[in-house]
Amino acid sequence: MIRFFNTLSGSLEEFRPLKEGEVRLYTCGPTVYDYPHIGNYRAYIFEDLLKRFLLLAGFKVIHVMNITDVDDKTIKGAARQGLSLQEYTSRYIEAFFEDLKTLRIMPADIYPRATEHIPDMVRMVRGLLDKGCAYYKEGSVYFSIQKFPAYGRLAKIDLAELKAGARVDSDEYEKESVHDFALWKKAKEGEPFWETELGAGRPGWHIECSAMSTRYLGPSIDIHCGGIDNIFPHHENEIAQSEAYYGQKFVNYWLHCHHLVVDGEKMSKSKGNFYTLRDLLARGLNPVDLRFFLLSTHYRKMLNFTFDGLEQARASRQRVLDFVYELEHRTLAPGAEPEIQGLAEKVLTDFKESLADDLNISAALAVLFDFIREINSRLSRDLLKQEDAVRVLRTVEEIDRVLAILQERKEEALPPELLEKIELRQWARKEKNFALADAIREELRQQGIMLEDTKEGVRWKRIK
RNA sequence: GGCGCGGUACCCAAGCGGCUAAGGGAGAGGUCUGCAAAACCUCGAUUCGUCGGUUCGAGUCCGACCCGCGCCUCCA
């Protein structure tokens, strides 16, 4: 049984897709006004874990992720640099896709862009106006939350308490009630706009997700994800629009990822306390280590980013890599031990079951590490045969369909002059000229190559 | 003020009423090795923010309190 924590009910629920064996997944994507920071990627990596788990569990997954390429920030950014909106955003879109690849995040099936779905949004806004759930005010269209009694259910916000008080709304447009939100914003001097039946203007932020998710996934979908900060008002508003328009339940399971914090404070653009993936790559970080770091803490738990934490993740992942390396390079006796097959099967089952429990990654990783220790132990006692090693490797690779933290298959080639040095060192060792041998090893270490002497011969790996 | 999250070993982190409180990192000792590295073995919280309560039995449920954080405004 698969269980997820549904923000809507505030509790764990058994997961049942609308259509047997298929999952319709919508995840809130980036607003492409800048390079995303690694906090943003925590959310995308959580969604990647979810998706990969569902695939491993045998579901067909239809995944849509939007790209917000028109909003206040993109408009401002483009204007500042004297670029067209499209020129400005295309850079960041490209960078985003590059980052996804770097972090081994599986691509969505469709990446709809707001600017390419204006008609869908207009149609919805028109419909909401017709139903009396929206109104015009000085050329803009607003959703009237009074017309949607369930408003506040997701965020558990009481409308009465939302009244006037608290904070000042920074929106520059006029509306009837403070918490009504813009569906369509009237064109402003010097800003991009679309000439539509609603008048000249551009869409509000929330409507795009409603329009684009229903466009590709239908009016009701299985899972909708995002960061915890999207709950209110973004997702609350999406529910209001979509359900008011279609008259049926919009999303069955809302899954939200907690924040990445740095020094105990939320990482965010406005606070300036953020790192982009590029920042970290420039520091020599291995992106897959970052992936593992972001992946290995449960998605509903706040994660504190520190370089020490990153180092711990690196070391932890290295243990898995060393294990795989060992299995691939050890010379073993032919045949198979009887218990290995059962053990491998149990590991896979336990791994899946752990994840089935609201993506309990800690438990899942514990299964993997227990397995590694068990096999290593047999390895050191010469209790593993050739066929066992193959089976164990296959199991780890199966697990890695979800984790995606293993080394790339291709063997990296070392420059010939380095290979020559390794040869020379082998000769020196044979001659018992250990001073020379150690000097060469040290020299290679300086160049980021670590040598290990094993019964099977020398092997090298990159450090860092 | 309202809503919500977290406080488990030196660090990260599972556990959601009951076998000896997972797992990873770091550390200590040992085995192997020319030396390293990796791996293996052993050690490491009589204790789970504090104080009460419920229970035969509580990190695990209830209450109060302390500490840290998030949302209520664009934000993953």
Side-chain angles (χ1 to χ4, degrees), chain A residues 7 10 12 27-31 33 36-47 71-73 152 155-158 160-162 165-171 178-179 205 225-234 236 256-261 264-271 292-293 296-304 306 308-323 325-326 330 354 357 360-370 372-373 375-381 429 432-435 437-438 441-442 445 450-455 459-461 463:
Chain A
T7 306
L12 287 169
T27 59
C28 279
T31 300
Y33 70 103
H37 59 65
I38 56 173
N40 300 124
Y41 285 120
R42 182 192 188 192
Y44 304 141
I45 283 177
F46 140 65
E47 289 152 4
D71 81 316
D72 293 351
K73 285 175 186 164
K156 282 138 193 86
I157 280 175
D158 185 351
E161 312 242 337
L162 260 182
R167 306 198 202 178
V168 183
D169 195 299
S170 59
D171 203 312
V178 207
H179 296 284
W205 175 39
C225 300
I228 195 175
D229 50 1
N230 275 156
I231 295 174
F232 193 87
H234 186 50
E236 193 67 58
H256 291 100
C257 172
H258 213 306
H259 288 302
L260 182 68
V261 300
E265 286 211 326
K266 179 180 167 185
M267 180 179 288
S268 74
K269 285 284 167 61
S270 40
K271 286 187 181 168
F292 187 63
F293 172 76
S296 52
T297 293
H298 185 83
Y299 75 96
R300 281 194 290 116
K301 189 160 174 167
M302 187 189 297
L303 210 199
N304 194 19
T306 61
D308 182 52
L310 211 48
E311 165 55 23
Q312 291 189 20
R314 203 221 92 246
S316 184
R317 170 173 173 251
Q318 189 63 47
R319 182 168 161 81
V320 182
L321 299 186
D322 284 338
F323 175 67
Y325 189 97
E326 199 65 34
R330 225 13 197 248
S354 298
D357 181 21
N360 188 337
I361 188 70
S362 302
L365 289 175
V367 171
L368 173 62
F369 283 109
D370 280 338
I372 289 175
R373 191 169 5 79
I375 298 299
N376 266 333
S377 168
R378 286 167 187 262
L379 219 40
S380 71
R381 284 175 291 153
R429 292 182 66 218
K432 299 221 185 298
N433 184 348
F434 296 121
D438 289 349
R441 178 160 59 194
E442 183 50 34
R445 187 202 305 278
M450 161 92 94
L451 295 184
E452 295 180 359
D453 302 320
T454 71
K455 272 181 254 176
R459 66 193 195 192
W460 59 272
K461 60 188 176 195
I463 24 192

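Reminder, nothing fancy here: chain letters follow the sequence lines and each chain counts from 1.
Distances shown here put every side-chain N or O of A:N376 at or beyond 4.0 Å from the OP1 or OP2 atom of B:A38. The phosphate of B:C71 (OP1 or OP2) has a side-chain N or O of A:K266 nearer than 4.0 angstrom. Between A:R300 and B:C5 there is no side-chain N or O to OP1 or OP2 distance below 4.0 Å. Look at A:R319 and you'll find a side-chain N or O under 4.0 angstrom from OP1 or OP2 of B:C40.
Residue-to-nucleotide contacts include no donor-acceptor pair under 3.5 Å from the side chain of A:D229 to the base of B:C74. Applying the 3.5 Å distance criterion, the base of B:G34 shares a donor-acceptor pair with the side chain of A:D438. For B:C12, the base has no donor-acceptor partner in the side chain of A:Q312 [N/O atoms by modelled type, under 3.5 angstrom].
When each of B:C74, B:G15, B:C40 is scored by its nearest atom to the side-chain atoms of A:P233, the top-ranked nucleotide is B:C74. Across B:G24, B:G70, B:C35, the shortest atom-to-atom separation from the side chain of A:D453 is found for B:C35. Out of B:C40, B:G70, B:G15, the shortest distance to the side chain of A:S380 is found at B:C40. Each of B:C35, B:G25, B:A22 was ranked by its minimum atom distance to the side chain of A:S362; first place goes to B:A22.
Nucleic acid contact for A:I231: none, since no nucleic acid atom lies under 4.0 Å from a heavy atom of the residue. Among the atoms of the strands shown, base atoms are found under 4.0 Å from some heavy atom of A:F434. Across all strands shown, A:R441 has heavy atoms under 4.0 Å from base atoms, whether or not it also approaches the sugar-phosphate. In this structure, A:Y44 reaches the sugar-phosphate backbone alone: every heavy-atom distance under 4.0 Å involves primed, P, OP1 or OP2 atoms, never a base. At a threshold of 4.0 angstrom between heavy atoms, the contacts of A:D71 with the nucleic acid are absent.
Under the Watson-Crick and G-U wobble criteria, each requiring two contacts below 3.5 Å, nucleotide B:C74 is left unpaired.
Note that the CZ atom of A:F293 and the OG1 atom of A:T306 stand 5.5 Å from one another [nearest 0.5 Å].
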